[in-house]
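All remarks here apply to the structure that follows.
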Amino acid sequence: MILVTGATGSTGRQLVSQLRERGAAFRALVRDEAKGRALGAEYAVGDFEDRASLAAAMDGVERVFLASPGAQAEAPGGEQPMIRWERNAIDAAKAAGVRYVVKLSVLDAKVGGPMSAGGHGATEAYLKESGMEWTMLQPGGFMQNFLDPAASLADEDGNLLGTAEDARVAFIDCYDIAACAAVLLTGEVGRGAALPLTGPEAISYQEVAAELTRAWGRPVGYRVVSEEAIAKRLRGFGLEAGLAEELASLYAGIGEGRYSAVTDAVRDLTGRGPRSFEQFMAAHPEAFPGLAIRD
Ligand SMILES: NC(=O)c1ccc[n+]([C@@H]2O[C@H](COP(=O)([O-])OP(=O)(O)OC[C@H]3O[C@@H](n4cnc5c(N)ncnc54)[C@H](OP(=O)(O)O)[C@@H]3O)[C@@H](O)[C@H]2O)c1
């Protein structure tokens, strides 16, 4: 039995349908009963904050997909909630006799790193010390970040923002992260590996803006601004100052090419290449109505 946490999220949802296609025995962890019913699969209602619910959800489980939301503002003087949540899940898994955990992490995860990199670094270290077998999936940027225009970092006119003219990211479709997780959770390969996962190419924000222009049916540009201007824009969205600065420095890292290296990990694990940005958009016609009009 496999337990899929984060089962209603961008990656978990895809994993649920891919495990179903494979005929694998799995259970989805959901916070909301109605969302569980909508998945059309076995589910357990639980919360990363509620250790008893995690213990119940892990009953009879041998393998776990661990995915939680990324970095959020920390409680004053405390650590990021995601660290506590993932530790709770790792503790519950170990206590239940789980043998193997596939953890959705992030590229460059490291203890003491900023934001998600630090949060995932801490939980990667905790998982490694647990004695259970593990695989870390380390994607850079998700294509899914562009599904919601309101969630994209943009100026008042809807133009994407970045700190360098030729900022490139090897964005990956969560469909491919899920495909890797499905292979790992239903097979015996990949134990003890940290796998940087990417799409097929590093695409520039200029190219993304051009794709979004036709997909959203309105002009989307790309504007180069300073790291401080990005932090200010993020604070304007209501982000807490420290988090805004860390996220802005992540954008500066993108400008320096930190997320542009392409790996073969998806092909190596699944036997096929990862989806391109165009294929990703074609798989989400509801979010990109302009494609249907033009094609
Ligand atoms: N976005 C990126 O570019 C990117 C890049 C690299 C790595 N990552 C990492 O990917 C992870 C997010 O993955 P994702 O985008 O697939 O997920 P997601 O869409 O953000 O969804 C989060 C999932 O966690 C569940 N959840 C939230 N709070 C919970 C709680 N207290 N207890 C139990 N479940 C809870 C949500 O359930 P509900 O439906 O109930 O809310 C949902 O299923 C993060 O760790 C992030 O650091 C993201």
Side-chain angles (χ1 to χ4, degrees), residues 3-18 27-39 41 43-58 64-72 80-90 92 102-110 113-124 127 136-148 151-153 169-181 194-199 203 205 208 243 246-247 250-251 253-254 258-259 263 265 277 280:
L3 182 72
V4 178
T5 69
T8 54
S10 302
T11 310
R13 210 177 320 137
Q14 303 269 4
L15 180 58
V16 163
S17 66
Q18 294 185 33
R27 181 183 301 148
L29 180 77
V30 293
R31 290 195 287 180
D32 178 340
E33 179 103 41
K35 285 190 182 179
R37 278 197 302 273
L39 284 176
Y43 65 89
V45 177
D47 195 298
F48 288 129
E49 287 284 12
D50 178 354
R51 293 167 68 97
S53 73
L54 294 175
M58 297 277 179
V64 170
F65 178 68
L66 177 55
S68 76
Q72 295 138 47
Q80 287 182 35
M82 66 164 287
I83 300 178
R84 182 174 68 252
W85 292 348
E86 294 203 0
R87 278 188 188 149
N88 284 348
I90 291 166
V102 175
K103 174 179 151 50
L104 177 52
S105 182
V106 71
L107 193 68
D108 291 338
K110 67 168 181 287
M115 283 189 42
S116 285
H120 285 301
T123 46
E124 280 195 0
L127 176 55
M136 313 300 179
L137 301 181
Q138 299 179 324
F142 293 177
M143 292 179 184
Q144 269 72 4
N145 295 344
F146 296 102
L147 279 178
D148 177 6
S152 308
L153 176 62
V169 173
F171 287 110
I172 184 166
D173 188 334
C174 292
Y175 173 87
D176 291 315
I177 303 173
C180 291
L195 304 170
L197 301 181
T198 72
I203 53 174
Y205 273 75
V208 171
L243 199 59
E246 289 196 1
L247 197 50
L250 191 145
Y251 274 86
I254 290 173
R258 209 175 293 158
Y259 302 91
T263 73
F277 199 79
F280 153 72

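Counting convention: from 1, in listed order, for ligands and their atoms alike. All values below were derived from every heavy atom in this structure, side-chain atoms included, with hydrogens, water molecules and symmetry-related copies excluded. Since the model is a prediction, treat every value here as computed from it, not as a measurement.
- Every atom of ligand 1 with a heavy atom of Asn145 under 4.0 Å away is listed here by number and element: 1 (N), 2 (C), 3 (O).
- Of the possible polar contacts, one joining the Arg27 side chain to the Ala57 backbone as a donor-acceptor pair under 3.5 Å is found.
- Residue contact check: Val106 has heavy atoms under 4.0 Å from atoms 6 (C), 7 (C) of ligand 1.
- Scanning all heavy atoms of the two residues, the minimum distance from Ile172 to Pro139 falls at CG2-CB, 3.9 Å.
- Of the possible polar contacts, none joining the Thr198 side chain to the Ala170 backbone as a donor-acceptor pair under 3.5 Å is found.
- Residues Ile177 and Leu104 share a closest heavy-atom pair of CG2-CD1, 4.0 Å.
- Of the possible donor and acceptor atoms, one in the side chain of Gln144 sits under 3.5 Å from a partner among the backbone N and O of Cys174.
- If you check which protein heavy atom lies closest to atom 39 (O) of ligand 1, you get Thr8 OG1, 2.5 Å.
- Scanning Ala151, Ser68, Gly36 for the heavy atom closest to atom 45 (O) of ligand 1 points to Ser68.
- Residue Phe48 has at least one nitrogen or oxygen atom sitting less than 3.5 Å from a nitrogen or oxygen atom of ligand 1, judged on distance alone.
- The option with the heavy atom closest to atom 17 (O) of ligand 1, from among Cys174, Gly46, Ser10, Gly6, is Ser10.
- Under the 4.0 angstrom criterion for non-hydrogen atoms, Glu49 is not in contact with ligand 1.
- Annotation for ligand 1: atoms under 4.0 Å from non-hydrogen atoms of Leu104 are 10 (O), 11 (C), 13 (O).
- Residue Thr11 has at least one N or O atom closer than 3.5 Å to an N or O atom of ligand 1.
- Looking at Phe142 next to ligand 1, an N or O pair under 3.5 Å apart turns up.
- Listed by atom number, the atoms of ligand 1 under 4.0 Å from Ser116 heavy atoms are 47 (O).
- By the 4.0 Å N-to-carboxylate-O rule, Lys110 lies too far from Glu124 to be salt-bridged with it.
- The heavy atom nearest to atom 26 (N) of ligand 1, out of those in Arg31, Gln144, Arg84, Lys103, is found in Arg31.
- In terms of heavy atoms, Ala181 sits closest to Leu137 at CB-CD1, 4.0 Å.
- Under the 3.5 Å distance criterion, with hydrogens and angles disregarded, no donor-acceptor pair is assigned to the side chains of Tyr175 and Gln18.
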| request: Quick one: do Met58 and Leu3 satisfy side chain to side chain contact (heavy atoms under 4.5 Å, CB included)? Show the steps, please. | output: CA-CA 7 Å; Met58 297 277 179; Leu3 182 72; 3.8 Å; yes
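- The heavy atom nearest to atom 9 (C) of ligand 1, considering only Pro69, Ser105, Gly141, Pro139, is found in Ser105.
- Here the CG atom belonging to Asp50 is positioned 9.0 Å from the CG atom belonging to Asn88, to the nearest 0.5 angstrom.
- Taking the six-membered ring where the residue is Trp, Trp85 and Phe48 present parallel rings, their angle staying beneath 30° rather than reaching 60°.
- Counting the atoms of ligand 1 from 1 in the order shown, those under 4.0 Å from a heavy atom of Ala7 are 43 (O).
- By the definition of a contact as any protein heavy atom under 4.0 Å away, atom 20 (O) of ligand 1 is not in contact.
- Of the heavy atoms in His120, only side-chain atoms (C-beta onward) come closer than 4.0 Å to ligand 1.
- At a heavy-atom cutoff of 4.0 Å, ligand 1 is contacted by no atom of Asp32, backbone or side chain.
- Atom CZ of Phe280 is separated from atom CZ of Phe146 by 8.5 Å, given to the nearest 0.5 angstrom.
- Looking at Glu86 next to ligand 1, no N or O pair under 3.5 Å apart turns up.
- In this model, a donor atom of one side chain and an acceptor atom of the other lie less than 3.5 Å apart for Ser68 and Glu86.
- Looking only at protein heavy atoms, the nearest one to atom 6 (C) of ligand 1 is Gly140 O, 3.1 Å.
- Of the polar atoms of Gly9, at least one N or O is found under 3.5 Å from an N or O of ligand 1, judged by distance alone.
- Closest to atom 31 (N) of ligand 1, if we only count protein heavy atoms, is Asp47 OD1, 2.9 Å.
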